[in-house]
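Please read the structure below before turning to the comments.
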Amino acid sequence: MKLQGVQQTKWMGVLVFALAILVFPFIVTQSFYLTQATFAGIYAIIAIGLGLLMGYAGQISLGQAAFYGIGAYTTSVLTATMGWSPWVSLPIALLFPGLLAFIMGYTMSRLSGYYLAMATLALGIIVHTLLVEWRGVTKGASGFFGIPQLNLFGYTINQGIPYYYLVWFFVIIVLILSLNIVHSRVGRALRSIHDSEIASSSMGVNTSKYKMQIFILSAMFAGLAGWLFAHMSYSISPAAFTFDASILFLAMVVLGGSGSVWGALIGTLLIRMVGIVVHMLGEKFPFITSDFEHVIYGLILMLVVIFLPRGLFPTVADWFDALLTKRSSKKSMLKLAAKR
Amino acid sequence: MLQVDSITKRFGGVVANSEVSFTVEEGQIVGLIGPNGAGKSTMFNMISSVFPPTTGTITFQGTRIEKLPAYQVAPLGISRTFQNLQVFKNMTVIENVMVGQHMQTKTNLFGMASLLLGITRKERKVYDQAMSYLAFFGLQDIFDQKASSLSLGKLRLLEFARAFATEPKLLLLDEIAAGLNHKETQEMSALINKVRDTGVTVLVVEHDMDLVMSICDKLVVLDQGVKIAEGTPKEIQENEAVITAYLGADIDEEEVEEEAI
Amino acid sequence: MGDLLQFTLTGVTIGSIYAIVALGFVTIYSVTKVINLAQGEFVMLGGLTMYSLTSAGVPYLLGFVITIIVVSILGWIMEYLLIRRAKGADPISLIILTIGTAIFIRGIASVVWGKDQLRVAPFTENTPVNIANATITPQAIWVVVIMLLVVFLLYILIDKTMVGKAFQASSVNPLAARLMGISPKRMSSLSFTLSAALGALAGLAIAPIMFPSYDMGTMLGIKGFSAAILGGLGSAPGAVIGGLLIGLLESLGAGYISSGMKDAITFSAILLILLIRPSGILGEKSVGKGGL
Amino acid sequence: ACSESVEKEEAGKAGGSAGSGEVSEYKIGAIYSKTGPNSPLGEPEWNATKLIEEKINSEGGINGVPLKIILADDESSQEKATQEANRLINDEKVLVLLGSSGSGESLAIKGIALQQQVPMISAAASTHIVEPVEDAKWVFKTPQSDRHAVERVYMYLNEQGISKIGTIIDSNAFGSSGLEQMEALADEYKIEIVAKESYNTQDPDMSAQLTKINGAKAEAIVVWGTNPGPAVVAKNTRDLGIDLPIIGSHGIANQNFITLAEAAAEGVVIPTGKLLFPSQISGDDVQFDAISSFYKAYTDKYSSEPTNFGSYGYDNIMLVIDALKNGATDREAIREHLENNITNWIGTTGVFNFSDKDHNGLTADSLVMAVVKDGKWMLLEK
Amino acid sequence: MNGDKLMEVIDLSVSYGPIQALKGVSLAINKGEIVALLGANGAGKTTLLQTISGLLKPTGGSIIYQGVNIAGMEAEKVVEKHLVHVPEHRQVFSTMTVLDNLYLGAYHHRKKSKMKNIEKNIGKVFDLFPILKDRKNQLGGTMSGGQQQMLAIARGVMAEPELLLLDEPSLGLAPLIAKDVLELVRNLRAEFGTTVLLIEQNVTASLKVADRGYVISHGEIVKSGSSKELLNDPEVKEAYLGHTVN
Ligand SMILES: Nc1ncnc2c1ncn2[C@@H]1O[C@H](COP(=O)(O)OP(=O)(O)OP(=O)(O)O)[C@@H](O)[C@H]1O
Ligand SMILES: Nc1ncnc2c1ncn2[C@@H]1O[C@H](COP(=O)(O)OP(=O)(O)OP(=O)(O)O)[C@@H](O)[C@H]1O
Ligand SMILES: CC(C)C[C@H](N)C(=O)O
Ligand SMILES: [Mg+2]
Ligand SMILES: [Mg+2]
């Protein structure tokens, strides 16, 4: 059902995307790319949640890695130390980050802007410190090891194609969930908060409730990613859940475009791609080392913000729209132009 | 319907409102006027619960509202527009109005996320309803434009339409005609009347005396935070205190004319 | 008791380092509303440039001056090439822009200076001074002195001069500022140059203490940012209070509670303070009636 | 990311893989942290590996089959290590995986090696890499474990008659697993840890922690970390006028520590492999030949010191070559060979005795104590 | 009061992207004149003022001010020529005090050590708007709508304008004050010979203070004449006054 003038989910897009996911391992068979794609999926889940938080609740989080880490450590402790089944620990790995977000969100509701960013940064650092110091539970800085693999119907989900499908299965679920939220009345309400919080509250939108819900949801997404990451790896360590990781997630969202769910996904893939391209260049030209990767990575961040301030996806989507509407009417072209 | 009872609001040393009381009866158009800084917007903000009064009570249809958060006042049936426009710039015209209808449907974030197909039917209903509101305000032709591309006059209308879409019982309009020229102001007057005729009570703040005098059933006049008069437009126009504080004598129009050139 | 004094001296030293970095944040923020997360990289460049100059045999004082000039120029370039072109991007994107810049600078620095920590000589003879059973090195005293000097000058500049008002005006309302004859672009580039100079100064002051290396900027950036926020964004005295507070929390936390938990202690305290004062210790509550 | 393999695609197909029959080359994968924070470790390991590859191939390979080592850089990141491990095992079909330099990365790879049943030899310190052995069937390692280093330090302390120590560790993986071992072995060596402090790698000042250690009446300060932390510790200790002996870890067995700490470095004692000062090793040491020939070859080629890390890289590849030479040419056979046939095997790190109970195969004797004297590391005579 | 041209706008064009907002506007203002600019919403009035003051760059045409073409000159340079623009929507510095706002109005002649002059001017604007004096330490953004408008005008006066561009100065002002503001325009001229270009939605009132007026529509000047002429022009009445000729 097409409602003109209203943002709606393009189910066609989701379908095409899902198909692409499905056939990817048949086209690209190298294990290297498959691992890359699996990691990309894990990060995409975090980025989509963070994108909701940034683009729709208008909040920045400099500590998303904390929730990711809590998800990963929760399931690691429950399965490796306490012997639970990973499937039973999955809800707990979502619950804990969500709960923390709830408590944090509750106390942080008085903060805004950079002060809120500071609070999330603090959260990230506190959680990281606890992961390092609470050695009795987390086994400290050298990391938690011996995390069991996932089993499904007696079949072990190994790294490689099985894990790739598992991860992307969850990505698609998260994607659909998020698209639904964004294109519902709640999403609309959230977008309105972005433009004028005061006006939306006088429309009866309970802004702090929605912000809180999104914060919790994004934390749970990160927790899910943590769960996936833990059971893929034999060991995890606090080093994966640092400020740098939080920044990386942020960069993914901004690159892709924080105003859209697809943007976060695209941004994630893009960042992975940069890594791969530099890796390949490195094989051709030995002087391109990983140091160079950072230089190029920094460069790309700079260029995107300067030339595509809204991020990659919305800009490209607009070009696309413009192309499509070109023939339909001159009027809409003018409208588009006026937007610029 | 609305009862404002000895409201005082202080900002540090500044007393924006002092012991102000007045009532608004159902179905009326009431004007709140007074010189700049009299405390009109402050009063509006307290009625719509943007911030609470320092002392005093505000009762709306029997409910005390002065301490409620803003989003809880809206469901009771109070809606408002803003002196400095607060449209949702990055949304289309119809989406703006649909946010206005936020309260007409329920379902929270998690319920929403899990519903796949059910929502579209509901969406359709909201959409059609929004369209009819737009038609009411003459905005139907530009329903899919981004709000940021509209001219000032249209923006004022959009704010109005959005506030109306919350299906309020009481509508607060803060300088809704500011920046409109004479002709547009007249159109706005007509629209306010039309809205009242649908059964909505209206409270307006406005400096355009032509508009105020022509549509209001009752006027409340503030000056430096204090209520100095209350009555029908006719009474107010003749009230000495109001003339010296606010309206100014009509005679000087001719003076100006003589001096010119 | 002697311990307390020692912890306090140490806290003040570390805190002063954070404070100088925070002052860089404040300088840029108060003009452009940009949070420049590459501020730590200016500090790093200051330390490493000085290293290269002194090891090339440039006299100490001359090296000092050249370092500040070189880094200032880099700050100016950053503003001219990047920030200016990204006007219209929202604050989050701008943060990402500065992060991108930081990563870029760090990458280049690791190619130029390698990855090892380097040693830079102290300003003066560095025999520790004994104060009632506690010691402090002359270089640490230099750090504190420089910090105080900087905050004093900044305070005068921002709060007492027309330039300071112009700084603020360009950030509050650039359009109106232009109509008053203030060029927000010039102010923006001035603020970046100035804060790069501050960064370089910080780098010079702390290089003899903490062995500069290409990756020192991140930590300093985080702590400086935290100090600036804690003090109340945009307030120079606030940045100093924030920096000293964090330094003291760290050293007292490490001294009396647990050095492993010192970051958790410090940042929990920051959270707590923000809950009580949501706009930082000296921060103004954001004003403007919005649409009311 | 830089992986030094030429004609990779081709080789992947030709495959010197686990299969038997006519083999064109032996393919080995090595993941070392050539860049990132662990680069001081990874760089010499990487160099040593290349050195051996060239040497073997110039001598006509192993039993006529050339050796092909695919080197990969994990940039000191677990995630990258995982990706590279998957690539080397599945795409390149290597026989053995070497690396990585850091404990965290090694543990990450360990999971994959176990899943895919590929023998792996790590160059990192943590004991968890090979313990418990039941959970490390395919995993071996050559560097002395933290346990060895701590044992060596404790032996030294006992000799000196010091029984109360204050520890200060880097709060990263290296430091904390050092502390873990210090705690675990304290009773056995009758050492009392009177203060446990830590710092973050980039912290500018550690006076607070040191004041606390001093106040706790420690008789020595043990600092477990890599540069620059220990240099700051040394400097702060001397600036504070604290007159306690400082004992470091093998993590600072390099000249840079001395460059940074300057005068404060004087007298600092550490446990280290012998490769730190080949010229000071006595001629009758069983490792003498191995160490001096490797040292010479390395310094000739790279004109830099191989450091202890070079020795791990060297031993790792040499162990594999030993297996191949002895006809163990598939994954399972190499594992069997490493577990069963490495006894009294002389490497540059130490003398190895692998078994199904011990996949590290070293004792604390493989470490010696060194002290800074006149700006140089010197062997500490007993 | 005639002949001595202070500013002449010749064939000025301005575009927002593909949309042309001004299409060859020409007008002239003599020294000491008060000129009204009339036009419907979106006609291009604000655009014209912003182009004159340098906030917008024209795509064509010239603006000769005191014999110099200032078209395309940066806004911050234009104001140094004592060509001062009081913009639409007040644009006060919301987080700065009233006093700081006023000081900034005089920013462009800070160098000539005219501090004494500045103090004098502040006294003067305080006389004009006593509320500003009472609230001199209140933050601009917390003032009421009308108070902010007064502050914006006062800030403009602080710049010692020779040519003052006023964009809807009485927007949101109470009727009494609105009259005062128009009165002020005449006082400025009387006292300092300030020339004024004025935009007002209240066409009658603005034509009453102005000597002459221009009517702009869809980016083009469609009419001009003395205030009397325009006031009595049937088309003007029809279009802007809303009531038909009686
Ligand atoms: N946050 C605040 N801090 C200090 N004073 C304030 C604040 N908000 C409003 N005021 C003062 O309170 C008084 C009332 O302001 P209010 O905005 O209600 O006036 P108003 O009647 O709406 O005027 P206008 O017609 O000019 O919009 C003014 O003197 C104003 O300066
Ligand atoms: N930033 C902008 N981007 C695109 N179009 C614009 C922009 N600003 C103004 N316009 C368009 O330019 C035209 C002239 O606008 P302008 O603001 O000059 O009108 P005005 O006469 O001042 O109207 P008002 O009485 O509403 O203030 C209008 O059609 C408007 O939509
Ligand atoms: C310094 C080294 C001994 C570190 C060690 N390889 C590790 O586990 O990280
Ligand atoms: Mg008001
Ligand atoms: Mg206008």
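Quick note: numbers below take in every heavy atom, side chains included, and nothing from hydrogens, waters or symmetry partners. In what follows, chains are A, B, ... by sequence order, proteins preceding strands, each numbered from 1.
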| Between D:His128 and A:Ser235, is any pair of side-chain heavy atoms under 4.5 Å apart? | no
| Any side-chain heavy atom of A:Thr156 sitting closer than 4.5 Å to one from D:Gln115? | no
| Below 4.5 Å, heavy atoms only, C-beta onward: do A:Gln36 and D:Arg87 meet side chain to side chain? | no
| request: May I have the step-by-step check of side chain to side chain contact (heavy atoms under 4.5 Å, CB included) for D:Glu92 and A:Gln30, ending in yes or no? | output: CA-CA 9 Å; D:Glu92 304 289 353; A:Gln30 281 114 312; over 6 Å; no
| Minimum heavy-atom separation for D:Asn90 to A:Ser31, with atom names? | ND2-OG, 2.8 Å
| When you measure from the side chain of D:Asn86 to the backbone N and O of A:Phe32, does any donor-acceptor pair fall under 3.5 Å? | no
| Is A:Glu133 close to D:Ser176 at the side-chain level, that is, under 4.5 Å between some pair of heavy atoms? | no
| message | Just by distance, no angles: are the side chains of D:Gln78 and A:Ser237 close enough, under 3.5 Å, to form a donor-acceptor pair? | response | yes
| Stepwise side chain to side chain contact (heavy atoms under 4.5 Å, CB included) test for D:Leu179 and A:Arg135 | CA-CA 11 Å; D:Leu179 176 62; A:Arg135 289 194 281 144; 3.3 Å; yes
| remark: When rounded to the nearest 0.5 Å, the distance separating CG of D:Asp91 from CG of A:Leu34 is 9.0 Å
| Is the closest side-chain heavy-atom distance between D:Leu114 and A:Tyr234 below 4.5 Å? | yes
| message | When you compare the side chain of A:Tyr43 with that of D:Glu79, does any pair of heavy atoms fall below 4.5 Å? | response | yes
| field | Which atoms of D:Ser77 approach chain A - backbone, side chain, both or neither, heavy atom under 4.5 Å | value | neither
| Using non-hydrogen atoms only, which part of D:Glu180 is less than 4.5 Å away from chain A: side chain, backbone, both, or neither? | both
| message | Quick check for you: to the nearest 0.5 Å, what is the distance between D:Ser126 atom OG and A:Phe145 atom CZ? | response | 7.0 Å
| message | With a 4.5 Å cut-off on side-chain heavy atoms, are A:Phe39 and D:Thr82 touching? | response | yes
| Separation between CD1 of D:Ile109 and OG of A:Ser233, rounded to the nearest 0.5 Å | 12.0 Å
| query | Under a 4.5 Å heavy-atom cut-off, does chain D meet the side chain of A:Ile147, its backbone, both or neither? | reply | neither
| said: Minimum heavy-atom separation for D:Ser171 and A:Ala141, please, with both atom names. | reply: O-CB, 3.4 Å
